[in-house]
Amino acid sequence: MALMDFIKKQFIDIIQWTETGDGTLAWRFPMAEMEIQNGASLTVRESQVAVFVNEGKVADVFGPGMYKLTTQTLPVLTYLKNWDKLFESPFKSDVYFFSTRQQVDQKWGTPQPITIRDKDFGAVRLRAFGNYSFRIGDAKAFHTEISGTRDIYSVADLDGQLRGLVLQNISNAIASSGVPFLDLAANQIQFAQALAAQLVPEFEKIGIKLENITVQNVSLPEELQKILDQKIGMGMVGNDMGKFMQYQTAQAIPKFAEGAAGGGGIAGDAMGLGAGVALGQVLAQNLAQGLSPNAAAAAAAQQQQPAVAVVSAADVMTTLEKLGELKTKGILTQEEFDAKKAELLKKLV
């Protein structure tokens with residue numbers, strides 16, 4: 001009985017892998033001091049691939065099925081070991097199983113904003129995130145390039161490498177898609193397709209097949225989003241400078257009110273009150289013109305009358321500073337700024 005136990009311990013006649021959970025990509029069959037005997041059974045289940053490795057060299061690769069290990073079923077190993085006809089039992093070889101199941105819902109995202117070139121805004125820093133799925137497409141390449149001789153290699157071990165490849169190719173994907181940044185949100189499928197085209201050959205180099213990738217969100221950093229909102233507001237009023245200034249005036253009234261309520265001293269209170277009154281008058285005039293059925297005629301008649309406007313130098317300087325900020329942010333062109341500047345200087349008395 002002791003002799004039979006010794007034989008069973010030393011020789012392997014069944015080689016198989018039953019996955020016990022999710023997330024394992026590669027598993028090394030435990031050989032210990034055991035050896036494979038002639039005619040041993042190899043079982044490779046669906047969604048698996050088995051690879052025989054001899055002295056560090058990948059030999060035979062088996063897809064799903066049941067095999068009896070002989071020189072006919074192990075041609076590469078037979079050549080490496082210089083077997084003439086039948087190999088002598090036992091022999092030693094490392095056997096690795098690889099899961100070819102699809103690994104779904106893998107997350108990717110930009111931990112920091114990345115800089116891309118955009119035809120509308122020039123250099124833009126954006127954030128993006130989504131998910132992707134993959135599977136092992138070439139077990140030999142994956143063993144050689146990634147998993148090596150490790151007993152177990154998991155999805156978590158590969159996660160950082162794949163995320164890095166995604167982030168590395170985002171800029172090229174946006175450039176190749178030809179989609180402007182403002183249109184990316186409405187063309188996320190097109191962006192994802194361009195990203196997949198960039199990633200497929202990169203994944204194949206390490207034996208991975210990219211099955212699917214999605215882009216769930218593309219956004220600007222907060223400071224750039226504010227500038228974009230201003231430019232969108234400018235576009236909504238047809239790039240009309242007068243209307244845009246009216247829009248800015250309406251937006252500024254709550255801020256002046258907050259400043260006055262917060263208490264900024266006598267000068268601050270007076271400035272907030274005076275500016276609020278002036279801004280309120282401008283807003284009231286604009287509202288009256290919009291509600292009047294003869295708004296256009298009234299406005300034309302008012303323009304024909306000689307206007308006596310007293311504008312202080314401080315008000316002109318404040319307005320010019322605001323216009324300068326709009327020019328710096330790219331909302332105003334140099335020509336628009338110069339025209340408004342000349343108009344304001346004429347009002348000085």
Side-chain angles (χ1 to χ4, degrees), residues 8-71 73-83 87-103 106 133-166 168 199 201-211:
K8 290 181 179 179
K9 181 179 180 181
Q10 294 298 315
F11 302 112
I12 299 172
D13 57 2
I14 297 177
I15 303 174
Q16 62 180 347
W17 176 36
T18 303
E19 297 182 57
T20 57
D22 296 328
T24 301
L25 295 175
W27 178 78
R28 182 179 183 177
F29 187 84
M31 300 296 293
E33 297 300 325
M34 297 182 291
E35 296 179 327
I36 302 171
Q37 67 179 0
N38 185 18
S41 174
L42 170 67
T43 301
V44 183
R45 292 174 170 79
E46 289 291 341
S47 75
Q48 290 182 356
V49 170
V51 175
F52 279 70
V53 179
N54 178 66
E55 297 179 356
K57 294 183 179 180
V58 175
D60 298 284
V61 180
F62 296 87
M66 182 176 290
Y67 306 88
K68 183 178 181 180
L69 300 179
T70 65
T71 53
T73 55
L74 292 166
V76 179
L77 193 62
T78 297
Y79 171 77
L80 292 175
K81 288 187 174 292
N82 297 315
W83 290 325
F87 60 80
E88 296 180 359
S89 182
F91 76 96
K92 294 201 68 173
S93 176
D94 292 321
V95 182
Y96 295 88
F97 285 88
F98 296 87
S99 173
T100 57
R101 290 191 296 128
Q102 190 172 168
Q103 307 297 327
Q106 304 300 308
S133 59
F134 71 93
R135 70 173 80 237
I136 293 180
D138 186 342
K140 181 178 179 180
F142 186 80
H143 170 79
T144 304
E145 300 293 335
I146 300 296
S147 61
T149 60
R150 290 177 56 171
D151 291 337
I152 296 177
Y153 198 92
S154 67
V155 173
D157 295 325
L158 188 63
D159 181 68
Q161 174 73 10
L162 297 185
R163 283 173 181 256
L165 288 175
V166 174
Q168 180 180 332
L199 291 175
E202 298 297 326
F203 278 35
E204 288 179 348
K205 292 178 182 178
I206 57 175
I208 297 296
K209 180 181 179 183
L210 179 66
E211 292 291 346

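Residue numbers count from 1 along this sequence.
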Trainee: Is the side chain of Ser47 donor-acceptor paired with the backbone N or O of Thr100 at a distance under 3.5 Å, no angle test?
Mentor: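 No, because the side chain of Ser47 does not come within donor-acceptor range (under 3.5 Å) of the backbone of Thr100.
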Trainee: Would you check if there is a donor-acceptor pair between the side chains of Gln102 and Ser133 at a distance under 3.5 Å?
Mentor: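 Yes, side-chain donor-acceptor contact under 3.5 Å.
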Trainee: Give the minimum heavy-atom separation between Ala50 and Val44, together with the two atoms involved.
Mentor: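 Shortest heavy-atom contact: CB-CG2, 3.7 Å.
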Trainee: If you define the side chain from C-beta out and look only at heavy atoms, does anything of Ile15 sit under 4.5 Å from Thr43?
Mentor: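 Of all side-chain heavy-atom pairs linking Thr43 with Ile15, none is under 4.5 Å.
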Trainee: Once you round to the nearest 0.5 Å, how far does CG of Asp157 lie from OG of Ser147?
Mentor: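 Rounded to the nearest 0.5 Å, the CG-OG separation comes out at 10.0 Å.
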Trainee: Between Lys92 and Ile36, is any pair of side-chain heavy atoms under 4.5 Å apart?
Mentor: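 They are not in contact (no side-chain heavy atoms under 4.5 Å apart), so the answer is no.
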Trainee: How about CG on Asp22, more than 12 heavy atoms from neighbouring residues, nucleotides or ligands closer than 6.0 Å, or not?
Mentor: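 No, CG of Asp22 has 12 or fewer neighbouring heavy atoms, counting only those of other groups under 6.0 Å.
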Trainee: With rounding to the nearest 0.5 Å, note down the distance linking CD1 in Ile206 to CD1 in Ile146.
Mentor: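 Here the rounded value is 4.5 Å.
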Trainee: Would you find more than 12 non-hydrogen atoms of other residues, nucleotides or ligands less than 6.0 Å from Lys57 atom NZ?
Mentor: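 No, not enclosed.
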Trainee: Taking the side chain as everything from C-beta on, heavy atoms only, tell me whether Leu42 gets closer than 4.5 Å to Thr73.
Mentor: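 No. Closest side-chain heavy atoms not under 4.5 Å.
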Trainee: For a salt bridge (charged side-chain N to carboxylate O under 4.0 Å, His left out) check, start with the C-alpha distance between Asp138 and Lys209, then their side-chain angles and the critical distance, and finish with the verdict.
Mentor: CA-CA 8 Å; Asp138 186 342; Lys209 180 181 179 183; over 6 Å; no
Trainee: Distance from Phe203 atom CZ to Leu210 atom CG, nearest 0.5 Å?
Mentor: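 Reported to 0.5 Å precision, the distance equals 5.5 Å.
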Trainee: Taking the side chain as every heavy atom from C-beta outward, state whether Val53 and Val95 have any pair of such atoms under 4.5 Å apart.
Mentor: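 When only atoms from C-beta onward are counted, Val95 and Val53 do not touch, as no gap falls below 4.5 Å.
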Trainee: Please report the C-alpha distance between Ile136 and Val49 in whole Å, then the side-chain angles of each, then the deciding distance to 0.1 Å, and finally whether the side-chain contact (heavy atoms from CB on, under 4.5 Å) criterion is met.
Mentor: CA-CA 9 Å; Ile136 293 180; Val49 170; over 6 Å; no
Trainee: Strictly by ring-ring contact (aromatic ring centres under 6.0 Å, His included), give each pair with a member in residues 31-52 just once, sequence neighbours left out.
Mentor: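 Qualifying pairs, neighbours excluded: Phe52-Phe62.
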Trainee: Does Arg28 have any side-chain contact (heavy atoms from CB on, under 4.5 Å) partners at least two apart in sequence or in another chain, and if so, which?
Mentor: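 Testing Arg28 for side-chain contact (heavy atoms from CB on, under 4.5 Å), a comparison that skips the adjacent residues, returns Asp94, Tyr96, Thr149, Asp151.
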Trainee: Under the 3.5 angstrom rule, does the side chain of Asp60 hit a backbone N or O of Val76 as a donor-acceptor pair?
Mentor: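 Checked: pair present.
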Trainee: Is there side-chain contact between Phe142 and Leu25, with at least one heavy-atom pair below 4.5 Å?
Mentor: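 Yes, side chains in contact.
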Trainee: Less than 4.5 Å apart, side chain to side chain, heavy atoms only: is that true for Trp27 and Ser99?
Mentor: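 When only atoms from C-beta onward are counted, Ser99 and Trp27 do not touch, as no gap falls below 4.5 Å.
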Trainee: Could you walk me through whether His143 and Val58 pass the side-chain contact (heavy atoms from CB on, under 4.5 Å) test, one step at a time?
Mentor: CA-CA 9 Å; His143 170 79; Val58 175; 3.6 Å; yes
Trainee: Passes side-chain contact (heavy atoms from CB on, under 4.5 Å), Glu202 versus Ile208? Steps please.
Mentor: CA-CA 9 Å; Glu202 298 297 326; Ile208 297 296; over 6 Å; no
Trainee: Step by step, work out the side chain to side chain donor-acceptor pair (under 3.5 Å) result for Arg45 and Gln16.
Mentor: CA-CA 8 Å; Arg45 292 174 170 79; Gln16 62 180 347; 3.1 Å; yes
Trainee: Do any N or O atoms from the side chain of Thr24 and from the backbone of Ser154 form a donor-acceptor pair under 3.5 angstrom?
Mentor: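 Not at all, since once roles are kept as given, no pair shorter than 3.5 Å links the two residues.
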Trainee: Going by the rule ring-ring contact (aromatic ring centres under 6.0 Å, His included), which residues pair with Phe98 if we only count those two or more places apart in sequence or in a different chain?
Mentor: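 Applying ring-ring contact (aromatic ring centres under 6.0 Å, His included) to Phe98 gives none.
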Trainee: For a side chain to side chain donor-acceptor pair (under 3.5 Å) with Arg101, tell me which candidate from Gln48, Glu19, Glu46 qualifies.
Mentor: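 Among the candidates, only Glu19 passes.
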Trainee: Between Val155 and Gln106, does a side-chain contact (heavy atoms from CB on, under 4.5 Å) hold up when you go through it step by step?
Mentor: CA-CA 9 Å; Val155 173; Gln106 304 300 308; 3.4 Å; yes
Trainee: Is it the case that over 12 heavy atoms from other parts of the model lie below 6.0 angstrom from the CE atom of Met66?
Mentor: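 12 or below, so no.
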Trainee: In terms of relative ring orientation, are Phe97 and Phe29 parallel, tilted or perpendicular, with 30° and 60° separating the classes?
Mentor: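 Geometry flag for Phe29 against Phe97: tilted rings.
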